[in-house]
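The chains referred to below are lettered A, B, ... by the order of the sequence lines, with proteins before strands, and numbering in each begins at 1. Not measured: the values here are computed from a predicted model.
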2 protein chains.
Amino acid sequence: MTDHSERVARYFEDYVPGLTVDCGSFSIGEAEIIAFAREYDPQPFHVDVDAAAAGPFGGIIASGWHTTSLTMRQMVENFISPDSSLGAAGVDEIRWPRPVRPGDTLSVHATVVEARRSRSKPDRGIIRSLAEATNQDGATVLTLTGINFVLSRSAAS
Amino acid sequence: MTDHSERVARYFEDYVPGLTVDCGSFSIGEAEIIAFAREYDPQPFHVDVDAAAAGPFGGIIASGWHTTSLTMRQMVENFISPDSSLGAAGVDEIRWPRPVRPGDTLSVHATVVEARRSRSKPDRGIIRSLAEATNQDGATVLTLTGINFVLSRSAAS
């Protein structure tokens, strides 16, 4: 089941394991890669064109945190719902299996892996979701498993 | 063993399990919390002062990705070495056990958990490190386990 609709109000009951949501796509340019990395991850292969060309990736690549943050934006706009989101406990197993380079276009999908109602607070549940970003060649550049607290519809109504 | 020195050239051989590095501290303000979240994590409790006051945290809190990215900067400046860093495979188990609020000052420490030389490429090794950020009250607000590829000193010389 793939849900292509955007800006849907989703509650705990809507995050059914197996649900996959198309979270759209975005492109990433060299200037923004360098600007983000200067602020948060100033390693030579993220911020210095010449050093990057001579370095382990043969050119500038995006900080994994930049790719992750941009993927998060797609999830906030398409998967996580402001009506129900109570924040995240954390994230398991972020992997950046391939570099992201200037000019890449990444597509994001999110799949519900597990959903369980809180025992201590039955007005909410805990959702585990797998997010995946793939580049224009179909290669995976990011996977992560998020752990989110979400209000139930019955609690909200 | 705690290493307080900054901007040290570290190689695989230097990342000995048990080594803890003081990665310094930083403060975080409301304007930058909102600016980051507008770009990457526009949930009401990160970007909208009024909605945040009425929301689950009773006020604006930093995006976990913002806290993580700022912690990364401290690690790049104090723990990861541009002389040896070959990038990261990923991260395991990010946890944000408490919210980060405007005005908080966070201190970062990194501890080497595991170091093993690559079998396929003996000029490098894989380091697993636990990063922890604590606030001005000594409470932990972030933990993560990073997995980094690092050149060995013998390969560099």
Side-chain angles (χ1 to χ4, degrees), chain A residues 26 32 35-48 51-52 55-57 61-77 80-99 121 124 142-151, chain B residues 26 32 35-48 51-52 55-57 61-77 80-99 121 124 142-151:
Chain A
F26 61 91
E32 59 173 324
F36 182 99
R38 277 196 182 137
E39 202 69 39
Y40 302 112
D41 191 354
Q43 300 193 72
F45 43 77
H46 298 318
V47 298
D48 181 328
F57 302 102
I61 66 167
S63 168
W65 300 113
H66 193 188
T67 305
T68 306
S69 295
L70 288 165
T71 297
M72 180 66 185
R73 184 173 67 192
Q74 299 301 127
M75 293 184 70
V76 169
E77 291 178 345
I80 295 168
S81 181
D83 305 272
S84 68
S85 172
L86 298 169
V91 169
D92 284 344
E93 289 196 350
I94 302 181
R95 291 294 180 271
W96 299 298
R98 282 176 196 78
K121 297 179 180 172
R124 64 196 61 185
L142 165 74
T143 59
L144 69 80
T145 302
I147 306 158
N148 288 77
F149 299 110
V150 182
L151 267 185
Chain B
F26 62 90
E32 59 173 324
F36 182 97
R38 277 195 183 138
E39 203 67 40
Y40 302 113
D41 191 354
Q43 300 192 71
F45 43 76
H46 298 317
V47 298
D48 181 329
F57 303 102
I61 66 167
S63 167
W65 300 113
H66 193 188
T67 305
T68 306
S69 295
L70 288 165
T71 296
M72 181 67 187
R73 183 173 67 194
Q74 299 301 127
M75 294 185 70
V76 168
E77 291 178 345
I80 294 167
S81 182
D83 305 273
S84 69
S85 172
L86 297 170
V91 169
D92 284 345
E93 287 196 352
I94 303 182
R95 291 295 179 271
W96 300 299
R98 282 176 196 80
K121 296 180 180 173
R124 64 196 60 185
L142 166 72
T143 58
L144 69 80
T145 302
I147 307 158
N148 288 77
F149 298 109
V150 181
L151 267 185

Specify the closest pair of heavy atoms between A:His66 and B:Tyr40, including all atoms of both residues, with the distance to one decimal. NE2-OH, 3.8 Å
Side chain, backbone, both or neither of B:Gln74 within contact of chain A (heavy atoms, under 4.5 Å): neither
Atom group of B:Leu142 that falls short of 4.5 Å from chain A, counting heavy atoms: neither
Minimal non-hydrogen separation, A:Arg73 against B:Glu39, with atom names: CD-O, 2.9 Å
Scored by heavy-atom pairs under 4.5 Å with chain B, the best of A:Ala37, A:Gly55, A:Gly90 is A:Gly90
Under a 4.5 Å cut-off applied to non-hydrogen side-chain atoms, are B:Ile94 and A:Glu93 in contact? no
Who passes side chain to side chain contact (heavy atoms under 4.5 Å, CB included) against B:Ala35, sequence neighbours left out? none
Side chain, backbone, both or neither: which part of B:Phe36 has a heavy atom under 4.5 Å from chain A? side chain
Of all the heavy-atom pairs spanning B:Pro56 and A:Ser85, show the shortest one and how long it is. CG-O, 4.5 Å
B:Pro42 versus chain A, the contacting section by heavy-atom distance below 4.5 Å: both
Counting heavy-atom pairs under 4.5 Å to chain B, which of A:Thr143, A:Ile61, A:Leu70 comes out on top? A:Leu70
Under a 4.5 Å heavy-atom cut-off, does chain A meet the side chain of B:Ala88, its backbone, both or neither? both
Considering residues at least two apart in sequence or located in another chain, which fulfil the side chain to side chain donor-acceptor pair (under 3.5 Å) criterion with A:Trp96? A:Thr68
In the structure I gave you, are the side-chain heavy atoms of A:Val91 and B:Trp65 within less than 4.5 Å of one another anywhere? yes
